[in-house]
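The structure under discussion appears below in the form of structure tokens.
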Amino acid sequence: MERAVLQITLFGLLLALAATQPNKDDWDIYSFHINSTVTSRYATTVITSRMANRMDESKEIEFHVRIPKNAFISKFRMFIDGQVYDGIVKGKEKARQQYTEAVSRGQSAGLVSSVGRTLEEFKTSVTVAAHKKVTFELTYEELLKRRLGKYELQIHARPMQPVKSFKVDVHIHEESGINIVEVKGGLALADAINKTHADNEVWVNFYPTEDQQKTCTSCGEQGLNGDLVIVYDVNRDSGLGDIKTSAGYFVHHFAPSSLTRISKNVVFLIDRSGSMHGKKMQQTRLALIHILNDLSEDDHFGLITFDGSISYWKRELVQANQRNLESAKIFSRNIRESGATNINSAVLEGASLLNAHPREDSASILILLTDGDPTSGVTNLEQIQSNVRVAIADEFPLYCLGFGFDVNFEFLEKMSLQNNGVARRIYEDSDADLQLKGFYEEVATPLLIDVTMSYEGGTNLTQTVFSQYYNGSEIVVAGQITDNDIGTFTPQVVAISSSKKMTFSNPNGTVESTGTESADHIQRVWAYLTVKQLLEKELLLSGAEKENVKREALELSLKYSFVTPLTSMVVTKPEGGDTEVLHKPKEGEAPQTGSRHPNIGSSGSVMHTSGARQASPGARQGLPGPPAYGYGGMDLSSIQPKDSGLRSTQLNAERVFSASILTMIQRDYTVHVQDMDSLGISKIEDLEESTMLPPNIDEAPTQVHATIVPATDNIPVSHRFLLKTENQSLPLCFDVTGDVRLKLLHHPTSELSVHGELDSVSNGGFRRIVIQLNADLYVDVEVNKITVREGSRITHHTGQDPITAGSWTIIRRDKDIDVAGGDTHLVILIQGKDAQSFLWPVLRQQSSDSAEGILALNPVYEEVPQTPTTKLRIKDQEIDVTRANAADYSISPPLTLDCWLLSADSALQRRLEAFIV
């Protein structure tokens with residue numbers, strides 16, 4: 001079985017900077033978390049950082065991270081003082097005028113720029129008030145590409161200071177199985193890494209302490225500065241490969257093993273023009289010698305060097321035997337640079353050399369290395385591309401390697417794509433020779449040629465014809481299933497291997513739905529691949545065809561909120577701040593400098609939206625805003641009768657502060673008050689015995705928190721739930737009162753159900769989470785133990801060893817519990833309040849878009865401004881709401897967010913009883 005390793009590059013680089021370089025005490029990154037979920041090669045990564053301004057004045061704080069160039073940012077959010085600011089994806093062309101206006105006013109634009117071989121840099125900043133906090137959350141998605149038999153997860157961290165809560169959580173799920181896992185890199189601290197491998201799943205958790213962040217091999221007083229690399233192997237077969245289907249979409253990963261290699265014919269075209277002088281040529285010569293050493297004896301090869309003229313090592317392809325290889329090495333060592341650059345003649349001569357010496361059962365490859373534009377012979381770029389297409393005539397691929405940033409990379413990219421190849425930039429670093437050798441190794445072992453992927457019963461397919469398949473690579477095709485009829489869906493692959501035609505098909509003739517992949521996941525893989533390939537296709541076309549392809553790519557980018565070269569993400573800041581635009585640069589663009597106002601050109605965009613809420617008078621003065629229910633600053637949000645037989649009652653301010661109601665409070669309630677001085681009350685008994693209130697209670701300047709609770713101990717308490725919303729100003733919140741068990745998640749098409757039993761901590765969470773995996777298998781999670789009941793067999797677990805329950809794996813850590821199986825991933829956080837611990841479930845992935853329960857809700861509403869109240873329109877109903885706040889226990893440590901408070905029935909759009917078990 002060949003070795004395979006899966007690579008995503010996630011870079012979490014976090015900086016907080018004021019206008020000038022701050023002192024350490026100016027700001028604090030107190031939490032930095034990366035959570036990456038990889039399912040069948042598709043990675044969704046969320047970087048969350050929380051910062052606090054420790055100064056006595058407002059400060060500009062900058063969020064600065066690096067992400068893979070192949071990734072599409074799909075979400076960006078800022079949480080400031082309970083308010084959420086969402087980035088909105090817009091088309092660039094529609095926003096050109098706004099962009100120009102913004103730049104002319106000196107506002108920030110172009111938040112993403114190229115910074116290196118595989119990275120893009122995202123940065124934005126916001127002004128944070130004295131002693132206030134801000135949370136940044138960035139989400140990006142990437143379909144991982146297999147190279148050299150590897151997928152590799154590389155996490156780079158350089159936060160510029162030790163972080164109190166630094167966490168990296170990675171969960172990888174591969175249905176075909178994972179047979180080896182390795183964690184390495186400069187940040188691979190054995191004491192800070194927890195690795196768990198269970199059949200087809202891997203969990204890696206990296207939780208370094210502040211001291212460890214200063215003592216690792218890539219660390220210092222400034223904290224972490226290095227890589228964490230996760231490498232793993234995937235089981236592969238020699239057949240049709242891995243096909244997953246769900247809700248009318250499919251994705252097919254094809255990488256057969258145990259195939260016989262095909263001998264190759266390869267011609268290297270080496271630019272020896274004057275611009276290659278010095279280190280470039282030294283590294284090119286060194287790389288060529290390494291590559292020649294790796295040729296197999298049944299390979300045939302040729303060498304051509306060019307400046308303004310063409311030089312051959314030999315005018316025919318020769319066998320890679322020892323004598324010829326030694327002669328070629330001598331030729332390579334003597335390559336000298338001078339003159340102009342005649343790319344046209346070089347490529348045509350290389351194509352002629354391959355065409356003149358055809359060999360049956362072999363694969364031909366043409367590799368061009370250059371560092372500049374054509375300056376000799378034919379110099380018109382379109383004419384060169386046309387000449388090359390005619391010469392190659394789809395007989396073999398052309399790979400173009402562009403050395404450095406002076407090269408016209410877009411020209412090379414287009415010429416490669418026109419001839420079934422790819423372009424790759426070689427960076428002018430000390431390892432440029434290894435970069436050249438590494439690229440050659442990717443195409444060094446052809447296994448199949450003329451690969452055609454066909455899907456009877458499929459439509460809207462991504463690319464299905466490939467000139468060659470190389471050892472260590474992978475072909476991925478996605479599409480839709482016609483009429484969602486999987487019974488008529490029949491995939492097949494036809495290709496040439498060595499001396500025979502091969503057909504790969506399903507022996508059963510049809511493909512069954514796996515049922516383990518969510519419709520959203522498969523659909524987003526299809527959308528990602530389609531957009532990527534449309535962008536490549538658009539580069540090759542012109543006129544009306546080009547515009548049609550561009551429009552299709554734009555529509556998909558907007559539909560799935562991908563930041564692509566055709567879209568921008570508008571970042572609206574608090575009132576008075578800038579509006580920024582995030583744009584994705586092309587590979588050909590040079591790295592941006594530190595300027596906050598780069599010149600993007602006419603394709604950039606800015607959209608202006610009003611996202612800042614009006615602060616309450618108290619908030620504007622640095623005081624907390626008014627509570628959800630209250631009078632004169634008094635929080636009366638929890639009022640319970642002494643008589644446990646009575647239903648709980650919530651009283652408004654006018655009723656509470658009347659003599660009759662106060663008399664009732666004396667008789668039926670026990671009252672606890674904070675900040676009683678503002679009421680002129682020195683102790684609780686004064687309130688209980690008094691029938692009078694201070695005359696200026698309405699004008700009391702200090703907020704008073706009064707919680708009226710029952711005198712008996714067994715009356716259930718109230719819990720407040722948040723329902724997060726997409727791209728809307730505030731989440732929804734609602735209260736549930738009583739000792740109830742709630743239906744949190746249920747999949748109608750499977751036996752999975754998740755129920756939660758509320759605890760006794762006011763506005764806390766759950767004392768128990770019970771997960772039914774099938775009719776005879778239950779997992780009962782409590783703060784201090786996990787109980788698994790399988791039939792009549794019951795086992796209790798209190799340690800941190802992985803637990804296997806059927807096809808599910810449960811991992812307990814200090815502050816969370818991971819429950820994963822198939823494409824469902826549930827994390828149960830252990831939170832705390834008032835010295836008590838409780839549970840809070842977070843659904844990271846779900847395997848069905850028809851899932852029910854509170855965790856599956858995704859409400860959509862429209863604000864209807866009213867005076868003096870606000871209404872929300874939800875499903876054509878207008879509902880009265882009140883501005884309130886609630887703890888967001890889905891993150892750790894929790895944040896307090898502003899929210900629209902409404903009844904549970906209105907928030908759930910069903911009676912609460914429907915969610916009670």
Sub-4.5 Å side-chain heavy-atom contact between [X] and [Y]:
X: D818; Y: H825; value: yes
X: V476; Y: V251; value: yes
X: L153; Y: V170; value: yes
X: P841; Y: F766; value: yes
X: F63; Y: V65; value: yes
X: L143; Y: W526; value: no
X: I73; Y: L138; value: yes
X: M51; Y: Y30; value: no

Return yes if some donor-acceptor pair links the side-chain N/O of [X] with the main-chain N/O of [Y] below 3.5 Å, else return no.
X: T39; Y: Y42; value: no
X: Q533; Y: Q463; value: yes
X: Q212; Y: T209; value: yes
X: Q831; Y: I891; value: yes

Return the [atom1] to [atom2] distance between [X] and [Y], rounded to the nearest 0.5 Å.
X: E137; Y: H33; atom1: CD; atom2: NE2; value: 12.5 Å
X: T530; Y: Q480; atom1: OG1; atom2: CD; value: 8.5 Å
X: W840; Y: I769; atom1: CH2; atom2: CD1; value: 9.0 Å
X: T824; Y: L843; atom1: OG1; atom2: CG; value: 7.5 Å
X: F439; Y: L434; atom1: CZ; atom2: CG; value: 15.5 Å
X: S561; Y: F72; atom1: OG; atom2: CZ; value: 12.5 Å

For a side chain to side chain donor-acceptor pair (under 3.5 Å) check, start with the C-alpha distance between S890 and K724, then their side-chain angles and the critical distance, and finish with the verdict. CA-CA 10 Å; S890 68; K724 292 185 177 180; 3.1 Å; yes
How close do [X] and [Y] get, heavy atom to heavy atom, and via which atoms?
X: L240; Y: S505; value: CD2-C, 4.0 Å
X: Q213; Y: P162; value: OE1-CA, 3.3 Å
X: A805; Y: I810; value: CB-CD1, 4.0 Å
X: A856; Y: L745; value: CB-CD1, 4.1 Å
X: V477; Y: T462; value: CA-OG1, 3.5 Å
X: V563; Y: V89; value: CG2-CG2, 4.1 Å

Taking atom types as modelled, find out whether [X] and [Y] have a side-chain donor-acceptor pair closer than 3.5 angstrom.
X: S258; Y: S238; result: no
X: E474; Y: Y469; result: no
X: S753; Y: H755; result: no
X: H173; Y: S40; result: no
X: N484; Y: Y249; result: no
X: N200; Y: E174; result: no

So that I can tick it off, tell me whether [Y] and [X] are bridged by a salt bridge, with the cut-off set at under 4.0 angstrom between side-chain N and carboxylate O.
X: E121; Y: R66; result: yes
X: E442; Y: R146; result: no
X: R789; Y: D780; result: no
X: D431; Y: K437; result: no
X: E210; Y: K214; result: no

Quick one: list whatever passes side chain to side chain donor-acceptor pair (under 3.5 Å) with D814, sequence neighbours left out.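 Counting only residues at least two positions away or on another chain, D814 forms a side chain to side chain donor-acceptor pair (under 3.5 Å) with Q800.
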I786/R812 under side-chain contact (heavy atoms from CB on, under 4.5 Å): CA gap, chis, key distance, verdict: CA-CA 9 Å; I786 299 172; R812 178 192 175 86; 4.0 Å; yes
I'd like to know whether the aromatic ring centres of [X] and [Y] sit less than 6.0 Å apart in this structure.
X: Y140; Y: F122; answer: no
X: Y455; Y: F250; answer: yes
X: F79; Y: F136; answer: no

Do other residues, nucleotides or ligands put more than 12 heavy atoms under 6.0 Å from [X] [atom1]?
X: K167; atom1: NZ; value: yes
X: D199; atom1: CG; value: no
X: K164; atom1: NZ; value: no

Restricting to salt bridge (charged side-chain N to carboxylate O under 4.0 Å, His left out), what partner residues turn up for E141, sequence neighbours left out?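 So E141 forms a salt bridge (charged side-chain N to carboxylate O under 4.0 Å, His left out) with R524.
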Test side chain to side chain donor-acceptor pair (under 3.5 Å) on H796 and T798 and set out the steps. CA-CA 7 Å; H796 301 286; T798 57; over 6 Å; no
Does the ring-ring contact (aromatic ring centres under 6.0 Å, His included) test come out yes or no for F838 and Y889, once each step is laid out? CA-CA 10 Å; F838 53 82; Y889 290 122; 5.0 Å; yes
I would like to know whether R813 and N194 meet side chain to side chain donor-acceptor pair (under 3.5 Å); could you show each step before the answer? CA-CA 10 Å; R813 292 182 285 268; N194 181 41; over 6 Å; no
Can you list the steps and then say if V819 with I771 is a side-chain contact (heavy atoms from CB on, under 4.5 Å)? CA-CA 9 Å; V819 182; I771 307 168; 4.0 Å; yes
Any chance you could lay out the side-chain contact (heavy atoms from CB on, under 4.5 Å) test for N205 and V168, step after step, and finish with the verdict? CA-CA 6 Å; N205 310 103; V168 176; over 6 Å; no
Determine, step by step, whether I830 and V783 satisfy the side-chain contact (heavy atoms from CB on, under 4.5 Å) criterion, reporting the C-alpha distance in whole Å, the side-chain angles of both residues, the deciding distance to 0.1 Å, and the verdict. CA-CA 7 Å; I830 302 175; V783 171; 4.2 Å; yes
Determine, step by step, whether N35 and H171 satisfy the side chain to side chain donor-acceptor pair (under 3.5 Å) criterion, reporting the C-alpha distance in whole Å, the side-chain angles of both residues, the deciding distance to 0.1 Å, and the verdict. CA-CA 8 Å; N35 185 281; H171 175 227; over 6 Å; no
